[in-house]
Amino acid sequence: MCGRYIRRSDKQRITEHFRLHGEPPFPLPPDFNIAPTTFQPVIRLQRDTHEREALLMRWGIVPFTAKSLDEYKGISTINARAESIQSGIWKRLFERQRCLIPADGFYEWDTILPSRLSGPKSTKPRKKPMRFWLKNDPVFAFAGLWDAWRNPDTGEWLQSFAIITTEANDLLASIHTRMPVILHPRDYARWIDRSGDSPLPLDLLKPFDAAEMQAAEANPKVNNARNNGEELLDKPDDEPEEGQMLF
DNA sequence: CCAGACGTTGTT
DNA sequence: GTCTGG
DNA sequence: CCAGACGTTGTT
DNA sequence: GTCTGG
């Protein structure tokens with residue numbers, strides 16, 4: 001799954017990498033701990049001009065069919081399984097509302113059960129965060145879907161997005177069964193196409209080549225979504241190794 | 001995703 | 001909107 | 001036909 | 001256990 005990610009590329013780099021029509025009209029500070037329900041930049045085609053635009057959307061889809069925000073509280077729509085993308089709530093979005101999510105990395109957690117932890121008895125599993133990124137490019141794109149929901153009380157529109165997941169590649173398989181779908185730049189245009197003329201880009205929903213990715217232990221501070229900053233990227237040097245005892 | 005809260009009434 | 005269950 | 005759901009991950 | 005907030 002993908003439930004936390006990083007975006008540190010500045011406006012200029014994102015504009016160039018994604019060949020946006022213009023720079024995003026909102027601030028884009030680096031964020032080392034992006035969590036669900038927050039508003040993040042998403043790239044899609046403008047329907048009329050077919051230009052690539054970046055706009056802010058909420059992470060976690062609120063489908064246009066929702067009668068209230070509460071209806072989708074408690075159910076996770078931050079990810080969409082590639083395997084179920086052509087059914088239910090996702091079908092319409094996959095056919096017409098695909099988007100790119102700019103990122104520089106993402107986190108996955110290795111859950112270590114209490115029975116495998118040394119030292120004093122503990123009952124809670126330990127959550128060890130790992131950071132993943134691409135070797136060849138600092139910035140990349142998750143395959144995303146978006147939707148717009150009109151609040152019946154206020155009349156306001158809420159735009160929201162989800163990140164598509166697929167089976168894990170060899171790099172992630174040891175800690176997780178799933179990973180986010182990462183798109184190669186050569187496939188961006190096909191992914192965000194809205195004309196409906198071309199066949200659905202089902203072939204792009206594959207695990208990214210493990211040989212093109214890197215992984216490292218991240219700072220456990222990343223577990224709390226209130227923490228942020230560059231120091232979250234890597235495990236502190238003075239941190240003891242797993243299972244090691246201090247005397 | 002993880003962390004942390006999770007309740008009511010009445011009074012100030 | 002679209003699919004499933006009855 | 002109408003009514004009602006429509007999701008993911010992890011863990012056991 | 002389950003829901004909310006970030």
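Chain letters run A, B, ... following the sequence lines, proteins first, then strands; residues in each count from 1.
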Please tabulate, one pair per line, all N/O donor-acceptor pairs under 3.5 Å involving side-chain atoms of residues 88-97 of chain A, not counting sequence neighbours.
| from | atom 1 | to | atom 2 | distance (Å) |
| --- | --- | --- | --- | --- |
| R92(A) | NH2 | D147(A) | OD1 | 3.0 |
| Q97(A) | NE2 | W146(A) | O | 2.8 |
| Q97(A) | NE2 | D147(A) | OD1 | 3.4 |

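Evaluation of the salt bridge (charged side-chain N to carboxylate O under 4.0 Å, His left out) test over residues 38-52 of chain A, restricted to residues two or more places apart or in two chains, returns R44(A)-E53(A). Sorted by first and then second residue, the salt bridge (charged side-chain N to carboxylate O under 4.0 Å, His left out) pairs with a member in residues 174-184 of chain A read E83(A)-R178(A); sequence neighbours excluded. The salt bridge (charged side-chain N to carboxylate O under 4.0 Å, His left out) analysis of residues 22-37 of chain A, with sequence neighbours excluded, yields no pairs.
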Quiz item: Do W59(A) and I163(A) pass the side-chain contact (heavy atoms from CB on, under 4.5 Å) test, and can you show the C-alpha distance, the side-chain angles, and the key distance before you say yes or no?
Solution: CA-CA 8 Å; W59(A) 187 8; I163(A) 295 171; 3.7 Å; yes
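At the phosphate of dT8(D), neither OP1 nor OP2 sits under 4.0 Å from any side-chain N or O atom of T165(A). Not one side-chain nitrogen or oxygen of N224(A) sits closer than 4.0 Å to the OP1 or OP2 atom of dC2(B). One finds a side-chain N or O of R178(A) lying less than 4.0 angstrom from the OP1 or OP2 phosphate oxygen of dT9(D).
Aromatic ring orientation, F106(A) versus F142(A): perpendicular (interplanar angle above 60°, classes split at 30° and 60°).
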Quiz item: Pairs counted as Watson-Crick or G-U wobble with both distances under 3.5 Å: what dot-bracket string results for DNA chain B, using | for bases tied to another strand?
Solution: ||||||......
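Comparing the C1' positions of dG7(D) and dC3(E) gives a spacing of 16 Å, expressed to the nearest Å.
Extent of DNA chain C lying under 4.0 Å from chain A heavy atoms, first and last nucleotide in 5' to 3' order, is dG1(C) to dC3(C).
A80(A) comes within contact range of the sugar-phosphate backbone alone, with a heavy-atom separation under 4.0 Å but no base atom that close.
At least one side-chain heavy atom of R98(A) sits under 4.5 Å from a side-chain heavy atom of D193(A).
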